[in-house]
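Both ligands and their constituent atoms are indexed starting at 1 by order of listing.
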Amino acid sequence: QTGSANTNPSDSADDEYITSVSIGTPAQVLPLDFDTGSSDLWVFSSETPKSSASGHTLYSPSKSSTAKKLSGSTWSIEYGDKSSSSGDVYTDVVTIGGFSVKTQAVESATKVSTQFVQDTVISGLVGLGFDVGNQVSPRPQKTWFSNAANSLAEPLFTADLRHQETGSYNFGFIDTSLAKGTIGYTPADGSEGYWGFTATGYSVGGAKLNRNSITGIADTGTTLLLLPDNIVDAYYNNVESAQYDDSQEGVVFDCSEDLPSFSFGVGGQTITISGDLLNLTPIEEGSSTCFGGLQSSADIGINIFGDVALKAALVVFDLGNERLGWAQK
Ligand SMILES: CSC[C@H](NC(=O)[C@H](Cc1ccccc1)NC(=O)N1CCOCC1)C(=O)N[C@@H](CC1CCCCC1)[C@@H](O)C(=O)OC(C)C
């Protein structure tokens with residue numbers, strides 16, 4: 001068995017990617033953000049304070065004949081951007097891309113932080129990290145993918161995120177036609193809950209890859225490519241108008257700049273992110289100053305190959321073999 005779901009950028013900056021998920025009987029369809037950087041499936045619900053819930057699609061367990069309260073269980077989560085949410089837990093049928101998990105822990109939000117209140121394009125997250133990262137207590141719950149893995153043709157899923165166009169999350173199979181290059185595999189470290197790996201080197205423009213390894217995570221829930229300052233500086237030294245903008249909290253440059261590409265080595269392959277993908281967006285509507293897709297990871301303490309990097313590749317999250325596959329798109 002397999003599953004295949006389309007995913008779409010939330011806005012003109014590809015800030016996040018939205019995928020429709022069906023929960024309950026009859027199906028309640030919610031727009032959710034698939035996040036390989038976390039391991040909880042949580043939703044805005046009939047239990048979310050009305051003042052926080054307005055503008056969001058809500059899951060109502062009372063309207064689902066297959067919903068069951070997981071009594072005594074609660075959850076609370078905080079993300080890298082300091083957003084947070086918490087609540088209680090139900091189990092219900094959750095269908096993604098035509099594949100159903102009958103008894104999935106659906107974490108219902110009784111509290112959400114301001115960022116979630118304002119981000120009305122999504123009504124929650126589907127964590128696609130490792131089960132060890134799940135935040136339900138007293139008994140941690142499995143992710144949707146972990147519950148699905150044994151019934152899928154292969155215990156893996158792929159992410160094909162695209163700039164300003166529809167991409168896909170495929171479960172249980174690899175559609176190699178989505179990529180131009182060969183898939184290179186490298187071991188994945190799931191010990192912290194997310195998909196950790198080591199890139200073997202990098203280069204700016206068409207230069208030859210160096211051999212400076214970069215350890216980081218493949219994170220569909222992070223917008224940017226976040227790397228150490230020395231790499232960020234090496235890149236922007238090639239961009240005449242680049243400068244750090246305190247108010248934007250990042251490097252900005254003239255939108256008219258012809259940005260160099262950025263490449264990294266992984267699993268014996270080279271993934272090249274085009275200059276176009278490294279220009280995220282004007283800092284304001286109509287501004288001629290643009291915000292960089294590559295920024296410093298110094299404040300977070302972990303390097304993150306987020307959507308800016310993932311858009312350049314077909315990425316295979318292979319749980320069965322604890323490995324990550326990358327192929328140039
Ligand atoms: C340095 S980690 C920052 C990362 N957040 C982000 O990357 C958010 C995502 C977002 C987009 C639109 C609206 C709201 C939020 N974007 C962001 O901070 N941006 C500021 C810079 O310009 C680009 C957009 C993050 O916290 N990722 C979470 C998932 C994320 C999904 C969206 C809702 C908020 C939570 C997760 O992947 C995570 O915590 O990873 C850990 C392992 C770092």
For the residue pair Gln104 / Asp92, report whether a side-chain donor-acceptor contact shorter than 3.5 Å exists.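 There is no such pair (donor and acceptor under 3.5 Å, judged by atom type) between the side chains of Asp92 and Gln104.
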Asn238 side chain to Tyr235 main-chain N or O, any donor-acceptor pair under 3.5 Å?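 Judged by distance alone, yes, a pair lies under 3.5 Å.
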Just heavy atoms, cut-off under 4.0 Å: does Asp81 contact ligand 1 by side chain, backbone, both, or neither?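 Looking at Asp81 and ligand 1, atoms from backbone and side chain both fall under 4.0 Å.
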What part of Tyr194, side chain, backbone, both or neither, has a heavy atom within less than 4.0 angstrom of ligand 1?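 For Tyr194, only side-chain atoms sit under 4.0 Å from ligand 1.
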At a 4.0 Å threshold, what atoms of ligand 1 neighbour a non-hydrogen atom of Asp119?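 Within the 4.0 Å cut-off of Asp119, ligand 1 contributes 13 (C), 14 (C).
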When you measure from the heavy atoms of Leu226 to every atom of ligand 1, does any distance fall below 4.0 Å?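 Under 4.0 Å: yes for Leu226.
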Looking only at protein heavy atoms, which one is nearest to atom 21 (C) of ligand 1, and how far off is it?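 Nearest protein contact, heavy atoms only, for atom 21 (C) of ligand 1 is Leu224 CD1, 3.7 Å.
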For the student: nearest non-hydrogen atoms of Asp229 and Ala298, plus distance: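 What the structure gives for the nearest pair is OD2-CB, 3.7 Å.
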Does the protein place a non-hydrogen atom closer than 4.0 angstrom to atom 36 (C) of ligand 1?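 Yes, because at least one protein heavy atom sits under 4.0 Å from atom 36 (C) of ligand 1.
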Looking only at atom types and distance, does a side-chain atom of Thr223 sit under 3.5 Å from a main-chain N or O of Asp15, one as donor and one as acceptor?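 Between the backbone of Asp15 and the side chain of Thr223 there is a qualifying donor-acceptor contact (under 3.5 Å).
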Nearest to atom 15 (C) of ligand 1, what protein heavy atom do you find, and at what distance?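 Sorting protein heavy atoms by distance from atom 15 (C) of ligand 1 puts Gln115 NE2, 3.3 Å first.
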List ligand 1 atoms under 4.0 Å from Asp35, heavy atoms only on the residue side.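 Listed by number with element, the hits are 28 (C), 29 (C), 36 (C), 37 (O).
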Test applied, ring pair (Phe, Tyr, Trp, His ring centres under 6.0 Å); reference residue, Phe317; option that passes from Tyr169, Phe130, Trp195, Tyr185: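 Answer to the ring pair (Phe, Tyr, Trp, His ring centres under 6.0 Å) test with Phe317 among Tyr169, Phe130, Trp195, Tyr185: Trp195.
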Between Asp15 and ligand 1, find which residue part has any heavy-atom pair under 4.0 Å and reply side chain, backbone, both or neither.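 It is both backbone and side chain that touch ligand 1.
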Determine, using heavy atoms of Ile217 and all atoms of ligand 1, whether some pair is separated by less than 4.0 Å.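 The answer is yes, since Ile217 has a heavy atom less than 4.0 Å from ligand 1.
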Proximal candidate to atom 16 (N) of ligand 1 [heavy atom criterion; set Val121, Thr223, Asp219]: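 Among Val121, Thr223, Asp219, the closest heavy atom to atom 16 (N) of ligand 1 comes from Thr223.
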Which is it for Ser64 and Thr66 under the side chain to side chain donor-acceptor pair (under 3.5 Å) test, yes or no, and what are the steps along the way? CA-CA 5 Å; Ser64 170; Thr66 41; 3.2 Å; yes
With heavy atoms of Ile300 as the reference, note each atom of ligand 1 found under 4.0 Å away.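 Numbered from 1, ligand 1 contributes 1 (C).
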For the atom pair OG (Ser71) and OH (Tyr90), what is the distance rounded to the nearest 0.5 Å?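 So the gap between those two atoms works out to 10.5 Å.
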Counting non-hydrogen protein atoms only, what is the nearest one to atom 22 (O) of ligand 1? Give residue, atom name and distance.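 Ranked first by proximity to atom 22 (O) of ligand 1 is Phe291 CE2, 3.9 Å.
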Looking at side-chain heavy atoms only, is the closest gap between Leu225 and Phe262 below 4.5 Å?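 Leu225 reaches Phe262 side chain to side chain.
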Just go through Asp33, Asp11, Val308, Ile77 and tell me whose heavy atom is the nearest to atom 31 (C) of ligand 1.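 When every heavy atom of Asp33, Asp11, Val308, Ile77 is considered, Asp33 comes closest to atom 31 (C) of ligand 1.
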Ile304 and ligand 1 - part of the residue with a heavy-atom distance under 4.0 Å: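 It is the side chain that touches ligand 1; the backbone stays farther off.
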Anything under 30° is parallel, anything over 60° is perpendicular, the rest tilted; go ahead and classify Trp326 against Phe305.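 Correct class here is perpendicular.
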Results of side-chain hydrogen bond (donor to acceptor under 3.5 Å, both in side chains) for Asp160 - residues two or more places apart only: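 For Asp160 the side-chain hydrogen bond (donor to acceptor under 3.5 Å, both in side chains) partners, ignoring immediate neighbours, are Arg162, Lys329.
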So, using salt bridge (Lys or Arg N to Asp or Glu O under 4.0 Å) as the criterion, who are the partners of Asp14 when residues are at least two apart?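 Counting only residues at least two positions away or on another chain, Asp14 forms a salt bridge (Lys or Arg N to Asp or Glu O under 4.0 Å) with Lys311.
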To the nearest 0.1 Å, how far is atom 4 (C) of ligand 1 from its closest protein heavy atom, and which atom is that?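 Of every protein heavy atom, Thr222 OG1, 3.4 Å lies nearest to atom 4 (C) of ligand 1.
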Where ligand 1 meets Gly37 - atom numbers and elements under 4.0 angstrom, heavy-atom basis: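 Numbered from 1, ligand 1 contributes 37 (O), 40 (O), 42 (C).
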Would you call Ser83 a ligand 1 contact, heavy-atom distance under 4.0 Å?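 True for this residue.
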Have a look at Gly196, Gly292, Gly221 and point out the one with the heavy atom closest to atom 30 (C) of ligand 1.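 Considering heavy atoms of Gly196, Gly292, Gly221, the nearest to atom 30 (C) of ligand 1 sits in Gly221.
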Any donor and acceptor pair, going by atom type alone, linking the side chain of Glu47 with main-chain N or O of Gly87 inside 3.5 Å?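 It does not hold such a pair.
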